[in-house]
Amino acid sequence: MFEPTISLADAAEVSPAADSWSDRISNQIRFWLRNRLALVGLLIIVLVILAAVFAPLIAPYDPYERDVRNRIAAPSSAHLLGTDELGRDILSRIIYGARVSLMVGGISVGLATLIGAPLGLIAGFNSRRLDSLIMRVMDALLSFPEIVLAIAILAILGPSAANAMIAIGIVYIPIFARTIRAPAMVESHREYVEAARASGATNRRILFRHIAPNTLSILIVRITISLSYAILAEAALSFLGLSASPPTPTWGRMLKDGQSFMQQAPWVAIFPGLAIAITVLGFNLLGDGLRDALDPRTRK
Amino acid sequence: MTRYIASRLISAAGVIVLVSILVFAIIRLIPGDPVSLLLGENLTDEARTHLIEKWGLDQPVVVQYLRWAAGMISGDFGTSLSTQESVSSLLLDRLPATFSLAIFALIIGVVIGIPAGMIAAYRANTMVDGIAMVSALVGLCIPSFWLALMLILLFSIKLHWLPVSGYVSPFTSVTEWFTHILMPSIALGAGLAASISRMTRSAMLDVLNQDYIRTARAKGLSERVTLVTHTLKNALLPIITVIGLQLGFLLGGAVVVEEVFAVPGVGRLLIYGIGNRDYPLIQGVVMIFAISFIVINLVVDLLYSILDPRIRFQ
């Protein structure tokens, strides 16, 4: 939909955009070296994605396989992170759980981006009446605490992983609309928009070909940070039993199951929580790094 | 000032109307017969006809909405399908626990977050700053329900200092209330403290670089006065913005934390409503959460205008 005209490295650079591929690659390397925390965040995210994609190859056991003789076994060389109340290997379930977390987080944020960003663009570009209409509806959606709105939507749709994606996606639509509206409003008054209009470009073309690419850096930061919140939201919904149904391994559900065994087997709850925290940390570090790099006020 | 307050009140009322339409639509969007969803399915035909007429469920949707909204304004949120009690009385019973949890969590967030942010800004780019900001980042990444479980593990299971779960009203015993509410509030307030400390540091750093701070120091004011009176006061606006925004998240987070600690609050009522497909109850709880959120935002907006008079003249 968007036609990017700037890369992250270009945006982070004060010097003019590079022309050759080698310059572009060296700019990217410089960008990531200069933003080491963002690099750490990126590495964490890449590791989690790789674990999710190659789960059948990496996981030492079948995440559904029960071993009644090994129920709530402590971490050992056989089961690095121990087993749960049904004797299932916790490490394998955490690795498979990454699939649900990343899928729900990714698809819900994708949904919010695809609907919220165009709404924000249209609101920022168009007449006051349309802007007012869109933003009042967005304000109404923003008037609910996030998790409460997601639960209300799940009350309509019914609890499942697919519906959790839709619910979290709807919750984030107004956030994306608001994020994109302000830069779209600023860009729509720039001279290049006047020039495009004078050359006969339609509103649609101006909006999606000229204004949208110039809001891309803000959008990328928002997507990265929202992914961390979406993963937390999915974990919370799983914890409440409103996302994927058992026996599908989800980090939130594993935590909930572990609550009953806190005294005998604290590891059942400890490790899934760490998995959530580390993944969220990765997205936060990347988001913070990108924001600092792309924000002209903090750009060095 | 009166004009500003009036305009903000009208705007908040408009948002409440929009929100109420969305909440009213919940039942109409669920596949199936909304009358059965509202009245339950275990009714005789006679009782069903009687209730449909009594509640006006045979009227056009607009009339139904107006009746529902009018009932809400007079404090009537309908009847719970699962308990057959008035939703308003269920809400009134549960609200004190949720509000005391949210307020205590807010106090923890502010008491930890603002001093941590101030110290981090004052000692910017030192080890103290680094420790404070890494702690804040970790605080943001840890799910409240996981922190809750870790607190239970440490303070209840290992040390036996605090009760694992439950809630006692402060009117019954203040000590018992405190011991029961402390862990849930820490679990809920930790993320808030993290957000507040990050925003306080950033806002304080902006102000600390201003000329008037140099002047305050040059004229011999103590560091304490310079920091608290001159710096913090001028950095408060963005800090209050974050607190206002996070209060909504506190209310949302309370849903999960109440579930962990079995606190009989509104959040737990919502989960009960979902589990029992009790739609009038779900509507009532969601509406209460939304109204609370809107009122908090209104108060924050009005606080802005007191802190920064320029806002009310814009």
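The chains referred to below are lettered A, B, ... by the order of the sequence lines, with proteins before strands, and numbering in each begins at 1.
- Contact of A:Ile270 with chain B is made through backbone and side chain together, with heavy-atom distances under 4.5 Å.
- Chain A forms more heavy-atom pairs under 4.5 Å with one residue of B:Ile296, B:Ile142, B:Leu137, B:Leu140 than with any other, namely B:Leu137.
- At a 4.5 Å heavy-atom cutoff, the contact between A:Phe239 and chain B is made by side-chain atoms alone.
- Between atom CD1 of residue B:Ile157 and atom CE of residue A:Met262 there is a gap of 5.0 Å, rounded to the nearest 0.5 Å.
- Most heavy-atom pairs under 4.5 Å with chain B: of the set A:Ile156, A:Ile278, A:Leu142, A:Val280, this distinction falls to A:Ile156.
- Most heavy-atom pairs under 4.5 Å with chain B, from the set A:Ala269, A:Ala150, A:Gly282: that is A:Ala269.
- Most heavy-atom pairs under 4.5 Å with chain B: of the set A:Ala152, A:Ala236, A:Gly158, this distinction falls to A:Ala236.
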Original post:
Going through the distances and angles, do B:Leu22 and A:Val137 end up as a side-chain contact (heavy atoms from CB on, under 4.5 Å)?
Top reply: CA-CA 10 Å; B:Leu22 290 178; A:Val137 175; 6.0 Å; no
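- Here the shortest heavy-atom pairing between B:Val19 and A:Ala140 reads CG2-O, 3.5 Å.
- Shown here for A:Gly273 and B:Pro143, the closest heavy-atom pair between the two residues is O-CD, 4.4 Å.
- Nearest approach of B:Cys141 to A:Leu232, heavy atoms of both residues: O-CD2, 4.1 Å.
- Options B:Ile291, B:Leu250, B:Leu270 differ in how many heavy-atom pairs under 4.5 Å they form with chain A, and the most are formed by B:Leu270.
- For B:Phe145, the part lying near chain A is the side chain, with the backbone staying farther off; criterion is any non-hydrogen pair under 4.5 Å.
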Atom pairs, donor to acceptor, chain B/chain A, distance under 3.5 Å:
from	atom 1	to	atom 2	distance (Å)
B:Trp146	NE1	A:Ala269	O	3.1
B:Trp146	NE1	A:Ile270	O	3.2
B:Arg198	NH1	A:Asp288	OD2	3.4
B:Arg198	NH2	A:Asp288	OD1	3.4
B:Arg198	NH2	A:Asp288	OD2	2.8
B:Val260	O	A:Gln259	NE2	3.0

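- Only the side chain of A:Leu285 comes within contact range of chain B, judged by heavy atoms closer than 4.5 Å.
- Of the listed residues (B:Val256, B:Val138, B:Val285, B:Ile282), the greatest number of heavy-atom pairs within a distance under 4.5 Å of chain A belongs to B:Val256.
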Original post:
Which is it for A:Leu149 and B:Val286 under the side-chain contact (heavy atoms from CB on, under 4.5 Å) test, yes or no, and what are the steps along the way?
Top reply: CA-CA 8 Å; A:Leu149 180 58; B:Val286 172; over 6 Å; no
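- When each of B:Leu18, B:Val164, B:Ile294 is scored by its heavy-atom pairs under 4.5 Å with chain A, the top score falls to B:Leu18.
- Residue B:Leu149 touches chain A through both its backbone and its side chain, counting heavy-atom pairs closer than 4.5 Å.
- By the 4.5 Å heavy-atom criterion applied to side chains, A:Phe144 and B:Val23 are counted as neighbours.
- Residues A:Ile147 and B:Leu251 are not in side-chain contact: their nearest non-hydrogen atoms beyond the backbone lie 4.5 Å or more apart.
- Residues B:Val255 and A:Leu240 are in side-chain contact: their nearest non-hydrogen atoms beyond the backbone lie under 4.5 Å apart.
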